[in-house]
Structure formats: C-alpha cells, structure tokens
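First listed ligand is number 1; within each ligand, the first listed atom is number 1. Only heavy atoms go into these numbers, but all of them, side chains included; no hydrogens, no water, no symmetry mates.
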Amino acid sequence: MKANISSIVLKFGGSSLSCAEQFKKAADIIHADSARRYIVVSAPGKRDDADVKITDMLYACYDRAVNGGDFSELLGQIRERFAGIACELDIDFDIHGELETIRRHLLGKPSREYMASRGEYLSARLMSAYLGFRFIDAARCIIFRPDGVLDKDATYVAIARVMRGVDHAVVPGFYGAQTDGTVRTFSRGGSDVTGAILARGMDADLYENWTDVSGMMTADPRVVDNPKPIDYISYTELRELAYMGASVLHEDAVFPARNAGIPINIRNTNRPDDPGTVITQDIPAGALRPVTGIAGCRGFSSILIEKTMMNAEIGFGRKVLQVLEDHGLSFEHLPSGIDTMSVLLDTAALSSCREQVLESIRAAVSPDTLCVEDGLAIIAVVGRGMVCTKGTAARIISAVANADVNIRMLDQGSSELNIILGVAECDYETTIRAIYNEFN
Ligand code: ASP
C-alpha cells in the first residue's frame, strides 16, 4: 500500500448500516481518518436473524404492487425503519416526502430496479445529512447500457464530471442509470461494485470495504473453529478462493480496483481496530505464505475414460472436450494418465444430459471403459508462496493421509498457485481441517 494515503473510498454494507447505532459506528470510522472522503452505502440490512433487509422489503413491495396487492403496510414498515434511524441520529430529513414519491411510483407503472434502488438512495441521503458530506446520486455517475451492462467508459467520464471539485461525498451503491434516466441495478450485493468503480474513477489510494467480518478467513468458519483471518491476499489468490465459494466481496468488484492497482481492505465495522484483509497485486515479502487459504465445494462428478494407447491417439482429448462443449458443459479439472483421462464437472450441470454425454463420448472416442463417479468434493489449497517453498504438497498429502482420508484426485498446475484435491464428499470437512491444522 502507498505510504501517503490521501484519498480513500469506503463502502459500508447493509449490516454496517442496519440501524442508527451502526450509522454512528460508520461515522466514527469515517471521522477517524481525514483521507476517508468518498462513502458508498448499502441499504440497511438485517438487525438480527429474524429481521428483513430493506432491499428485500422493497422487492416485496414491488411484487405486491404489480400483482395488484396492498403494499401500504410494507411501505409503512420501510418508512418506519428510515424514520427511526433519522430520528435517533437527530437529523432533519423529509423521509415522509421521499416515501410519498415511492408510493406514487408504485401506483403508476413501477420499475423493479428503481424500487430496489431506493434502499441505497435513502441510506445515502441519511448518511450525507448525518456527516454533512454532499449527496451525489449514483444515477448521475454510474452509467448502464440499455441491455443492463455497465458502460464503463461513460461511467468514468461521468464520475470525472460529476465529482469535479467534490472533496467529500456520499454515493448510494448498487444502482446507476441509463442515459435516458432509467434506473438500473447491479446484481445483489452490487454496492461492492459501486465502491470499486468509484475508487477507480476517483483514482483513490485505497478502497475500504466495511462489513461485519474482520476480513477473509483462511478457511470456512463453518468447517474450522475460529480460523485465522488472512492479512494479505493477491487478486489471483482471491479469485481462486472465491471460485471455490469463499468470498466476502462481489466478484465484479475486484476488476476495477485490480486494473487500477488500488488495494482493497476488507474491514469490520463492529471491530474497527482489526486490520482486516488487504487484497492487493503484490503481497509484502514478509506476508507471503505457502498456504494463504483453503476453500472447497461438494457436488462434483468425475467421468473416467480409459483406452489402451490413448496417449498415441492425437486429438483424443479434443474430441472428449468437444462433446462437453456441444452439451454446454464446462469442466473443472482434467487430470490424466497415459491411457486414462478424468473429467471433473459439476454434478448438477451433468445430470440434465448425463446419458447423452456418455453416449456421445462413446461415439467420439470408443473408450475401453467409461464410467461416472459421483459424490466428490474439490478442495483448493491456495498460496502464492507455494512456488518458492519446497514440500508444500508433501505436507498436504501427509496431513490428509494422517486424517485417514483417501485422495481421489490431485492437481497442481505449473503456476504453483494452488493444489487441488478431490475427495469423497463424506471426507470434505475432515480434509479441510487436516490441511488447516497442518499450516496453522
Ligand atoms: N442492497 C443490495 C442487496 O441487498 C445491494 C448491496 O447491499 O450491496 O443486495
């Protein structure tokens, strides 16, 4: 990270803004560093497990309105949530006027995306009034094409124009607009993306993403008790772990920051002193580890193909992969031997066309043996430091063997960024715990 940080974009997620107390915590965090100047907010999230996110309430309002149902009680609950926050923060804000505009919108020809966007809009209005920072409507600077895809070029031009001379601002996350003013939203969790785009558009030194966990964990806390947080992770490692389901950030939030070389720091609003996880291109030398994180997924199948002299048959692999392509299937891993080839793929995706795929492989390559094994889990052990550490694979394999687990598949690419293991689904948790304990 840069030594001199003068401009930080912060994004606060829904759990960080679920009530007035959380707004106050966010404001304390912002005031603690004068570089924290551009704030992106989510809509208020759940206050407890039984609660409902504002965004979900807005979607429900829309559904009722288009089905001719009565949405007034639901809209009243939304008004009370925001009015309660405004009252406790002691800010002067016309929440009733804003809700009246939304009510009138619902009585006309409502737009689902416009409705969903109102949570972030109102949240930003409140935060801007509370902080005394300028409110900048995302509809003015996050530009979507009519097909709903972000227009990156137009967005960065708009950010430069709208934000010129603005040194402190609150911007609602999750939505933007087409040039004709039609409001569009990103997919769920999209405020992360707004934060990353704003960080890039403002050429910020850092993008802080404030949430309710102290960063990414080295393993899934549902599998490993109190896993250690990851202090530094590279974008490539993050992508590997996120692909396996371990993520604290919307996938599309990584690219704008990565392309601009802006580090992302995942922080915990409820524990602001925790350093969290820094996602960056280059990990500081002292923080490079053989294993940064472990993640995995259940629900894989392996198609095993055997044929004598397979290795001499040029085009064999291509023909098999062509069958998968013809059926719209993407494969995960492709471990192979001299006369064997295994294709690992998602069981759910395969199930819709299983017999046809096997029949087509038979027709394409006339294998001696062709069978499918279900019930596999894949575990990725990811670490950029692996490449310069001898014995990482040995340690992983010994740890798994000592846990009495049979490894069904093992894959390490020459990039040495990760080692992938396939095990029976019933061994999934034991394997992750064994590897975690070996390296921590
Ligand atoms: N409020 C939206 C959602 O619940 C967007 C976000 O929070 O990032 O998905």
Side-chain angles (χ1 to χ4, degrees), residues 9-19 22-23 25-26 29 38-63 74-75 77-79 81-82 85 98-99 102 110-128 135-139 141-142 144 148-150 155 170-177 183-201 207-213 216 242 245 247-257 264-270 279:
V9 168
L10 296 82
K11 178 257 168 176
F12 288 93
S15 57
S16 301
L17 300 169
S18 58
C19 59
Q22 293 298 89
F23 267 71
K25 284 186 195 168
I29 289 165
Y38 303 107
I39 321 299
V40 172
V41 293
S42 278
K46 294 181 181 192
R47 291 160 291 189
D48 52 53
D49 285 349
D51 203 8
V52 184
K53 282 177 158 198
I54 286 284
T55 308
D56 290 320
M57 294 168 87
L58 288 161
Y59 279 127
C61 256
Y62 167 84
D63 288 341
L74 208 43
L75 201 59
Q77 288 169 10
I78 295 171
R79 181 175 44 239
R81 276 289 289 278
F82 281 108
I85 295 172
E98 295 284 358
L99 263 293
I102 297 173
S111 142
R112 189 166 189 271
E113 290 175 81
Y114 170 83
M115 276 306 290
S117 74
R118 294 305 86 186
E120 271 68 15
Y121 170 82
L122 291 172
S123 196
R125 282 279 189 201
L126 290 184
M127 187 56 104
S128 105
F135 169 82
I136 300 282
D137 194 344
C141 57
I142 305 290
F144 282 81
V149 174
L150 178 79
T155 293
V170 180
V171 181
F174 187 39
Y175 76 94
V183 167
R184 305 300 303 253
T185 55
F186 292 112
S187 56
R188 295 298 302 263
S191 300
D192 284 347
V193 187
T194 311
I197 291 170
L198 192 66
R200 181 173 179 183
Y207 171 28
E208 289 181 344
N209 189 292
W210 290 83
T211 175
D212 54 4
V213 286
M216 278 189 81
S247 184
V248 283
L249 202 64
H250 191 296
E251 222 197 339
D252 296 341
V254 175
F255 296 102
I264 305 171
N265 190 187
I266 311 283
R267 302 284 293 264
N268 188 345
T269 304
N270 303 317
I279 306 164

Tell me every residue that passes side-chain hydrogen bond (donor to acceptor under 3.5 Å, both in side chains) with R184, counting only those two or more places apart in sequence or in another chain.
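With neighbours one apart ignored, the set is E113, Q178.
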
For residues A26 and L17, report the shortest heavy-atom separation together with the two atoms involved.
CB-CD2, 4.1 Å

In order of chain and number, which residues sit within 4.0 Å of ligand 1 by heavy atom?
S42, K53, T55, E120, F174, R188, G189, G190, S191

Can you confirm whether or not the ring centre of F186 sits under 6.0 Å from the ring centre of F144?
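Yes, the ring centres sit under 6.0 Å apart.
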
When you look at CG of D49, are more than 12 heavy atoms from neighbouring residues, nucleotides or ligands closer to it than 6.0 Å?
no

Taking side chain to side chain contact (heavy atoms under 4.5 Å, CB included) as the definition, give me every residue that meets it alongside R125, ordered by chain and number, with sequence neighbours left out.
F93, E98, Y121, F135

Holding to ring-ring contact (aromatic ring centres under 6.0 Å, His included), I want the full list of residues that pass it with F255, two or more places apart in sequence or in another chain.
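Expected list: none.
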
